[in-house]
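A short worksheet on the structure shown next.
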2 protein chains.
Amino acid sequence: MDTVETRELRYFMAVAEELHFGRAAERLGMAQPPLSRAIQRLERRLGVSLLERDRRGVSLTGAGEVLLHEGRAALDATTAAARRTRRAGGADRPGGTRNRLVLAVKAAASHELLRKLLAAYAAEPDAAEVEVLPSGTCEQGEMLRDGRADVALMHAPFNSLVGFDSEELLTEGQIAILPAGHPLAAHPALSLADISDIPDLPLARWSRHGAHPPGPGPEIHDQTQLAQLIALGRTVAVFPDSARAWLWAEHAAVPLTDAPPVVTHIAWPAHSRSLALAALIRTATGL
Amino acid sequence: MDTVETRELRYFMAVAEELHFGRAAERLGMAQPPLSRAIQRLERRLGVSLLERDRRGVSLTGAGEVLLHEGRAALDATTAAARRTRRAGGADRPGGTRNRLVLAVKAAASHELLRKLLAAYAAEPDAAEVEVLPSGTCEQGEMLRDGRADVALMHAPFNSLVGFDSEELLTEGQIAILPAGHPLAAHPALSLADISDIPDLPLARWSRHGAHPPGPGPEIHDQTQLAQLIALGRTVAVFPDSARAWLWAEHAAVPLTDAPPVVTHIAWPAHSRSLALAALIRTATGL
DNA sequence: GCCCTGTCATACCCGACGGGTATCACCGGC
DNA sequence: GCCGGTGATACCCGTCGGGTATGACAGGGC
């Protein structure tokens, strides 16, 4: 009577995001009528109206918006439970997860730190096999929430640590990466203002989830493209200090005086209870 | 194919907690055979074995333990979504929850702070109606997690703030509450060691969820019982400083020098997005 | 050793519900 | 007024959730 099934949540999320029963049904791989009925049933069961079926379109009610947010968290938690359970598959010892540990890292993250962490962890007694999951396009927080990862290296202030437990690992300044021949590359230091309005070096725009933000700079998809564009003298980029490790000869790095420092954290779901994870965190904070 | 329904989760949680299909079925209000089938189907769907059906009893596999923990979080998130959606029921404005805000407080919490907070909040422009939910027996974190509350006053280090966002509100020392006539009541200050081993004043034991922890002291259920036992000279208690507000004439309060300070936090689910809640937090931190 | 008890699994049945197809009701635009 | 597009309704069917009855199997008392 007062229970909501995950299927109903999935259906509602699709409709709430598409604001269109037909498209939502298509996305769900089903026909539209049963979807309409399912939503009606959900509304009846909850005793509230979630969608405003106005002629010419569907819109969310206040309750619908609440369910959109809360339901997302609930669905993530459910799929995370399924994923982590599946991953724990073979280890039938009752002492906790001994299997693999999935570590999500940003592709552009400091390899130095990661390498040291993995090396130190491998020597630990509670060590599990660590699978490194480079999340190029996807947010690491998302991966932690829906169970694709167990632990992540995240970079404040770019990633939000909200909802996770975390420990600070490393703080570094940021540098501007310029074409080696550019006049600005000769400066000992620069400010953000110095590089934000250079006509011949517009800042590149990362394309995320297929949507390209508007702006003057070139569109890029990965770090190699960016490196190439810088080397060609077409753009400039701002990166944490550890990016110096992958610079080319055609690149020049100049410290930025007023860029906010980047803090690398190790973060994990707050409710985690795993010996292997605890050991990894201990290793990381002890580096 | 890779989806888990909340009903299946509920069933599994019951079996995993009872470690007995018959009792779990009874608790769920159903017969045992369909429960067995549901668990089998869940195991098949996840592709892992969750329970070890040994003759003479059921035990959890490693994967089962993972699902026990993760599933609890998922179920809590789901019921929270349903509860909060239902509570948002009538407010059909698209600006967020404008309804009521449920604030969970420990029954023994500082009334002073709570009164000031509610008074200040009522004057706010974004103020919603605040329902105060005194959680005598139940953990406030549980209430936040499963949606019975939207925000809570929690007391570190007694409550774990893990998994929530929180702001510090108030730090106070702790006091020993003794019978007024007791010799120790004359001291200007005491240490924990001073009161932990007094033969005539064993520390009282709170009964939680029906289970009484073993020990020498008397069993108590609420604060009034405790106050009475102290007044009768039968026990001693340790409380935050603000407990002085409800002391009786027969009580004596003595500061404890080495008790950890109690920090009152305002805490809320990390993913919350509500104007009313934001206003309450702003009010609380501005006190 | 035998039976009895307690456990979970299997067999079978039924009603309900999820899902599909066809169609309706309604509105905006040409 | 017709048409395209929306979501809702009507009807049908297969699957599945749930109940009852029963089986398989181990352990304990006699």
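Order of the sequence lines sets the chain letters (A, B, ...), proteins ahead of strands, with each chain counted from 1.
For the pair D150(A) and R100(A), the salt-bridge criterion is not met [side-chain N within less than 4.0 Å of a carboxylate O]. Remark: R37(B) does not engage E43(B) in a salt bridge, criterion side-chain N to carboxylate O under 4.0 Å. Note on E70(B) versus R83(A): no salt bridge recorded, every NZ/NE/NH1/NH2 to OD/OE distance being 4.0 Å or above.
Rounded to whole Å, atom C1' of dG5(D) lies 17 Å from atom CG of L19(A). Per the geometry, CD belonging to E8(B) stands 10 Å off P belonging to dG18(D), to the nearest Å. One atom, CZ of R37(B), and another, C1' of dC14(C), lie 12 Å apart when rounded to the nearest Å. Summarising the geometry, the separation between CG on L35(B) and P on dT20(D) is reported as 14 Å, rounded to the nearest angstrom. Atom pair E26(A):CD and dG19(C):P shows a separation of 17 Å (rounding to whole Å applied). R7(A) has its CZ atom 11 Å from the P atom of dC16(D), to the nearest Å. Here the P atom of nucleotide dT10(C) and the CD atom of Q32(B) are 11 Å apart, to the nearest Å. Atom CD1 in I39(B) sits about 16 Å away from atom C1' in dC16(D), given to the nearest Å.
Between the side chain of Q40(A) and the base of dA8(D) there is no donor-acceptor pair of N/O atoms closer than 3.5 Å.
Listed candidates were dG19(D), dC8(C), dG18(D). Nearest to the side chain of Y11(B) is dG18(D). The side chain of P34(A) approaches dT21(C) more closely than any other nucleotide in the set dC12(C), dC11(D), dT21(C). Candidate nucleotides dT9(D), dC8(C), dT20(D) were compared by shortest atom distance to the side chain of P33(B), and dT20(D) ranks first.
Among L68(B), V4(B), L42(B), L50(B), the one residue that satisfies the side-chain contact (heavy atoms from CB on, under 4.5 Å) test with T85(A) is L50(B).
At the phosphate of dG17(D), OP1 or OP2 sits under 4.0 Å from a side-chain N or O atom of R41(B). Of the side-chain N and O atoms in R53(B), one or more sit less than 4.0 angstrom from OP1 or OP2 of dA9(C). Between S36(A) and dG7(D) there is no side-chain polar atom (N or O) within less than 4.0 angstrom of OP1 or OP2. Between H20(B) and the phosphate of dG6(C), there is no side-chain N or O to OP1/OP2 separation shorter than 4.0 Å.
Under a 3.5 Å cut-off, the side chain of H20(A) and the backbone N or O of G22(A) do form a donor-acceptor pair.
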